[in-house]
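Following: one structure in structure tokens, then a few remarks.
If you're wondering where the values come from, they're calculated on a predicted model, not measured in any experiment. Here is the naming used below: chain letters follow the sequence lines, and residue numbers restart at 1 for every chain.
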Protein chains: 2
Amino acid sequence: MQLSKSSQYAIRILAFMANHQEMQPMNANKLSEELLIPYKFLTKIMNELVKADLIVSIRGREGGYSFAKPPSEIIIDEILAIFHDSIKDEQCVLGIGFCNGMCKCALHDQWMEPKILMQKMFRESTLEKIAGQGCKI
Amino acid sequence: MQLSKSSQYAIRILAFMANHQEMQPMNANKLSEELLIPYKFLTKIMNELVKADLIVSIRGREGGYSFAKPPSEIIIDEILAIFHDSIKDEQCVLGIGFCNGMCKCALHDQWMEPKILMQKMFRESTLEKIAGQGCKI
DNA sequence: CTTAATTACCACCTTTAGGTAGAATTAATT
DNA sequence: AATTAATTCTACCTAAAGGTGGTAATTAAG
Ligand code: SF4
Ligand code: SF4
């Protein structure tokens, strides 16, 4: 019942970068040390963010990563989607999906509420908002 | 962002059994066929439920599984705990846990609400309530 | 031109979740 | 006592998540 490490790390990385835009491009070593994320795993994740066009990378000396678009335009759910982690509408707490509307289990209605709140949280939060509070996470 | 298969299956199995208490003891073959859960995996799960004292098993011919206590006394969270799936108070959407209260990320407050709803759902639903609606899940 | 600093790529390793196989054990029926 | 229908136990297999290693490619600085 939690996000994958890749998603968690990606959000933290991007939030940190958003909080330190003056340091762009920011290199993998710095990110790895600051956020205590294994270097090799981090570069793998960064590479996926580059392929997904959230980040642009500059190779070679003085290189690193910068945003491909302003953090205010990056939605958390966009990040989760890259790692196949966003919450589908039909996602059910028992792994079944759409039961017949006439015949729902007692968890159905109770599950809707938190599910919608989480979807809302992921779909309506931008990186800028998250980063805003300025704390290293 | 979902329960493990073991937890999902366990809830469905127990709910089905609660809906058919007149058929106790109920054997693994029946459960496997009705709920479309792989037989061998199901027996493994049942065995864990037995060890956790939710279910008692009767071996040999005419054997099967029955409740060790009435479904009205079995809490969903109890089931999740067996499979290390219940939601801890300190569980954080970014996998960090308790950040300093002074310095929380912008997801913190948004996460609290769905988390508490899910904890409530799992901690306050009994099997009897879930089973009540009588639909096979 | 050389070197150092950087990301990209490919292949692998480790752990965990999910699932399977088969023999051992148990108890009612015949 | 043998048969049969059931659970239990031990061990294994497979796929996915999480993580690591080595090297090629790229670029700025000296
Ligand atoms: S009724 Fe229950 S099992 Fe069916 S989709 Fe809703 S939550 Fe899932
Ligand atoms: S502040 Fe953010 S990172 Fe820290 S515990 Fe709360 S949700 Fe997790």
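For the pair A:His20 and A:Met26, the minimum side-chain heavy-atom distance is below 4.5 Å. Looking at A:Tyr65 and A:Val50, their side chains come closer than 4.5 Å, going by heavy atoms from C-beta outward.
Rounding to the nearest 0.5 Å places CD1 of B:Ile130 at 8.5 Å from CE of B:Met121.
Using a 4.0 Å heavy-atom criterion, one finds that A:Phe83 contacts no nucleic acid atom at all.
We find that CG of A:Leu42 is positioned 12 Å from P of D:dT20, with the value rounded to whole Å. Taking atom CE of A:Met23 as the reference point, atom P of C:dT6 lies 14 Å away to the nearest angstrom. Remark: P of C:dT6 and CD of A:Gln24 are 15 Å apart, rounded to the nearest angstrom. Atom NZ in A:Lys30 sits about 18 Å away from atom C1' in C:dT7, given to the nearest Å. Between B:Leu36 atom CG and C:dG19 atom P there is a gap of 13 Å when expressed in whole angstrom units. Across the protein-nucleic acid pair, A:Ile45 atom CD1 and D:dA17 atom C1' stand 11 Å apart, rounded to whole Å. Rounded to whole angstrom, the span from the CD atom of A:Glu48 across to the P atom of C:dC10 amounts to 14 Å. Rounded to an integer number of Å, the gap from CD of A:Gln8 to P of D:dG18 is 8 Å.
A:Trp111 places no side-chain N or O within 3.5 Å of a backbone atom of B:Met118 that could act as its donor or acceptor partner.
More than 12 heavy atoms of other residues, nucleotides or ligands lie within 6.0 Å of CD in A:Gln91, so this atom counts as buried by the packing criterion.
Remark: B:Gln119 engages B:Ile87, B:Asp89, B:Lys115, B:Ile116, B:Arg123 in a side chain to side chain contact (heavy atoms under 4.5 Å, CB included) (not counting sequence neighbours).
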Within the 4.0 Å limit for protein heavy atoms, which parts of nucleotides 2-12 of chain D are touched? Write it as a string from 5' to 3', B for base, S for sugar-phosphate only, - for none. --BBBBSS---
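Taking side-chain N and O atoms only, A:Tyr9 has no distance below 4.0 Å to OP1 or OP2 of D:dG18.
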Between A:Thr126 and A:Glu73, does the side-chain hydrogen bond (donor to acceptor under 3.5 Å, both in side chains) criterion hold? Intermediate values first, please. CA-CA 7 Å; A:Thr126 64; A:Glu73 287 173 24; over 6 Å; no
Show your reasoning for whether side-chain contact (heavy atoms from CB on, under 4.5 Å) applies to A:Leu31 and A:Met46. CA-CA 10 Å; A:Leu31 287 168; A:Met46 292 316 281; 4.2 Å; yes
DNA chain D base-pair string [pairs: Watson-Crick or G-U under 3.5 Å; |: paired with another strand]: ||||||||||||||||||||||||||||||
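A salt bridge links A:Glu34 with A:Lys30; the closest basic N to acidic carboxylate O contact falls under 4.0 Å.
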